[in-house]
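Every chain is numbered from 1 and lettered A, B, ... according to where its sequence line falls, protein lines coming before strand lines. Predicted model only: the values in this text are computed from it and were never measured.
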There are 2 protein chains.
Amino acid sequence: MSDCRADDHRAGVVDAQGQRPALDLIELLFFAYRDFVGDADRRLAADGFGRAHHRVLHFVSRNPGMTVAGLLDLLRITKQSLNRVLKELLEKDYVAQREGEADRRQRLLYVTDAGAALVHELAVLQSARINRALDGCAPGARIHVVDFLEAMVDWPAPEGRRAVTREKR
Amino acid sequence: MSDCRADDHRAGVVDAQGQRPALDLIELLFFAYRDFVGDADRRLAADGFGRAHHRVLHFVSRNPGMTVAGLLDLLRITKQSLNRVLKELLEKDYVAQREGEADRRQRLLYVTDAGAALVHELAVLQSARINRALDGCAPGARIHVVDFLEAMVDWPAPEGRRAVTREKR
DNA sequence: CCATTACGTCAGTTCTATTGACATATCCCA
DNA sequence: TGGGATATGTCAATAGAACTGACGTAATGG
């Protein structure tokens, strides 16, 4: 039986059609990200949450008092998408809102104690995988990995992002 | 206005609650993967395909003649999930099936010329981002990145994987 | 005063994936 | 040879996460 085990796909075969397709890295990113989020997914399911809830929880935890608009910018989703997720987090008391002081239209977002606990639990899970992986690498690997991942991201322009995406958000 | 630009989240703040949560890497993986698959998503949409089609196309292209069961194992999805996607790829002639010689129950999968062309186009897109990112890193970075990503993956046991997942697939 | 902004929400749709139940053809062993 | 296991395909229902489009409300600020 041609069993197609994953080993078959680990060999870094790179065909040379001009662009040097980085096929091994393309696959690796898929596998690594799938298993990485899988850790959190299982834990989230126990609370009736999904991946989207995790993201909101994570970024609100990292940026206490951030606005809904800030969250939309960061996640790059529509407010309708965010709405369902955020509403559930509010109803289940994992996130709390406070009226903005300077601008009372704003709803400043904070994680509750329950939210902080969950987010920490998820961070421990995912960090365990990351740290385990880094332990198996050469000493300086972390810096290279961070550099690479940062370079993979389309960072928003320091200015003007809000202006560009003002509509449809 | 507290605008919450992404810059706010790039600083590698690491709180020290026992486990050393790798918060910066957790976020970085999210941003990097999102932008990485975004390149392909836009191209795929033009052909009426989604991310799932890309994965099938990619792995069939890398493993000509692989079986449906092999694909299910690799992607770790159910056959019902695969069915819709694979059916569309077959109907639109991006993938072809051939009866297995040794085992006539098997449907061996191959990409057609159209499939190979699309998969190559997608690989060029994604490789461009990867190579651009690597160009901005230190010379030896690629090896470290590959090591790290490989260590992040739950590779199936060399043997017995099929036995474990025989059901529900 | 009024346009703009921040937020919320209703309705409908798409895509991916799930569980569960069956159907068919083939393989292979007792 | 007969029957259980395997490989594949399919119907139906559901869930999660995203989308577009259209409104409504309240607060800001020129």
Side-chain angles (χ1 to χ4, degrees), chain A residues 1-4 30 34 37-38 40-42 44-45 47-56 65-73 75-91 95 97-109 162-163 165-169, chain B residues 1-4 30 34 37-38 40-42 44-45 47-56 65-73 75-91 95 97-109 162-163 165-169:
Chain A
M1 187 199 313
S2 92
D3 198 359
C4 299
F30 164 65
R34 178 187 62 183
V37 295
D41 283 349
R42 282 183 291 278
L44 286 159
D47 281 41
F49 290 136
R51 223 170 271 188
H53 302 86
H54 184 191
R55 286 174 204 152
V56 171
M66 79 184 303
T67 65
V68 172
L71 200 46
L72 292 176
D73 264 10
L75 299 176
R76 293 199 207 157
I77 57 175
T78 59
K79 61 180 174 180
Q80 293 92 329
S81 293
L82 178 60
N83 187 264
R84 171 187 59 96
V85 169
L86 185 52
K87 195 154 59 172
E88 286 166 1
L89 287 169
L90 288 166
E91 282 166 0
V95 167
Q97 286 182 327
R98 263 179 18 211
E99 213 171 53
E101 291 185 24
D103 187 338
R104 286 169 50 208
R105 292 172 302 181
Q106 295 180 333
R107 299 299 136 89
L108 308 187
L109 303 172
R162 290 306 323 265
T165 57
R166 213 184 315 128
E167 302 309 298
K168 307 215 164 185
R169 279 282 149 85
Chain B
M1 185 200 312
S2 91
D3 198 359
C4 298
F30 163 64
R34 179 188 61 184
V37 294
D41 283 349
R42 281 181 292 278
L44 287 159
D47 280 41
F49 291 137
R51 225 170 268 190
H53 301 85
H54 184 190
R55 287 174 203 150
V56 171
M66 78 184 302
T67 65
V68 172
L71 200 45
L72 292 176
D73 264 10
L75 299 176
R76 295 202 206 153
I77 57 175
T78 58
K79 63 179 173 179
Q80 294 92 329
S81 292
L82 177 60
N83 187 264
R84 172 187 57 93
V85 169
L86 185 53
K87 195 155 58 172
E88 286 166 2
L89 287 169
L90 288 165
E91 282 167 0
V95 168
Q97 286 182 326
R98 263 182 16 213
E99 213 172 52
E101 292 186 23
D103 187 337
R104 285 169 49 208
R105 292 171 302 180
Q106 295 180 331
R107 299 299 136 89
L108 308 187
L109 302 172
R162 290 307 323 266
T165 58
R166 211 182 318 126
E167 303 308 299
K168 307 216 164 186
R169 280 284 150 83

Kindly point out which of C:dT16, C:dA6, D:dA18 is positioned nearest to the side chain of B:R84? C:dT16
Just wondering, more than 12 heavy atoms not from B:E99 lying within 6.0 Å of its CD? yes
Is it the case that the base of D:dT6 and the side chain of B:R105 share a donor-acceptor contact (distance under 3.5 Å, atom types as modelled)? yes
Considering only distance and modelled atom types, tabulate donor-acceptor pairs under 3.5 Å from the side chains of residues 48-56 of chain B, sequence neighbours left out.
unit_1: B:R51; atom_1: NE; unit_2: B:D41; atom_2: OD1; d: 3.3
unit_1: B:R51; atom_1: NE; unit_2: B:D41; atom_2: OD2; d: 3.1
unit_1: B:R51; atom_1: NH2; unit_2: B:D41; atom_2: OD2; d: 2.7
unit_1: B:H53; atom_1: ND1; unit_2: B:G50; atom_2: N; d: 2.8
unit_1: B:H53; atom_1: NE2; unit_2: B:E88; atom_2: OE1; d: 2.5

What's the CD-P distance between B:Q97 and D:dA7, to the nearest Å? 15 Å
Is there a side-chain contact between B:R51 and the phosphate of C:dC15, meaning an N or O under 4.0 Å from OP1 or OP2? no
Checking C:dA6, C:dA17, D:dG9 against the side chain of B:R107 (C-beta onward), the nearest is D:dG9
Please determine whether a side-chain nitrogen or oxygen atom of B:N83 lies at a distance below 4.0 Å from atom OP1 or OP2 of D:dG9. no
To the side chain of A:S81, which of D:dC19, C:dT26, D:dG9 is closest? D:dC19
Answer yes or no: does a side-chain N or O of A:R104 lie under 4.0 Å from OP1 or OP2 of D:dG29? no
A:T78 vs D:dC19: side-chain N/O to OP1/OP2 distance below 4.0 Å: yes
Polar side-chain contact A:K87-C:dG8 base: donor and acceptor under 3.5 Å: no
Closest-nucleotide mapping onto DNA chain C: is A:L86 or B:L82 further toward the 5' terminus? I mean the 5' end. A:L86
Whole-Å gap separating P (D:dA22) and NZ (A:K79): 13 Å
Measuring from the side chain of B:Q80 (C-beta onward, heavy atoms only), which nucleotide among D:dC19, C:dT18, C:dG8 has the closest atom? C:dT18
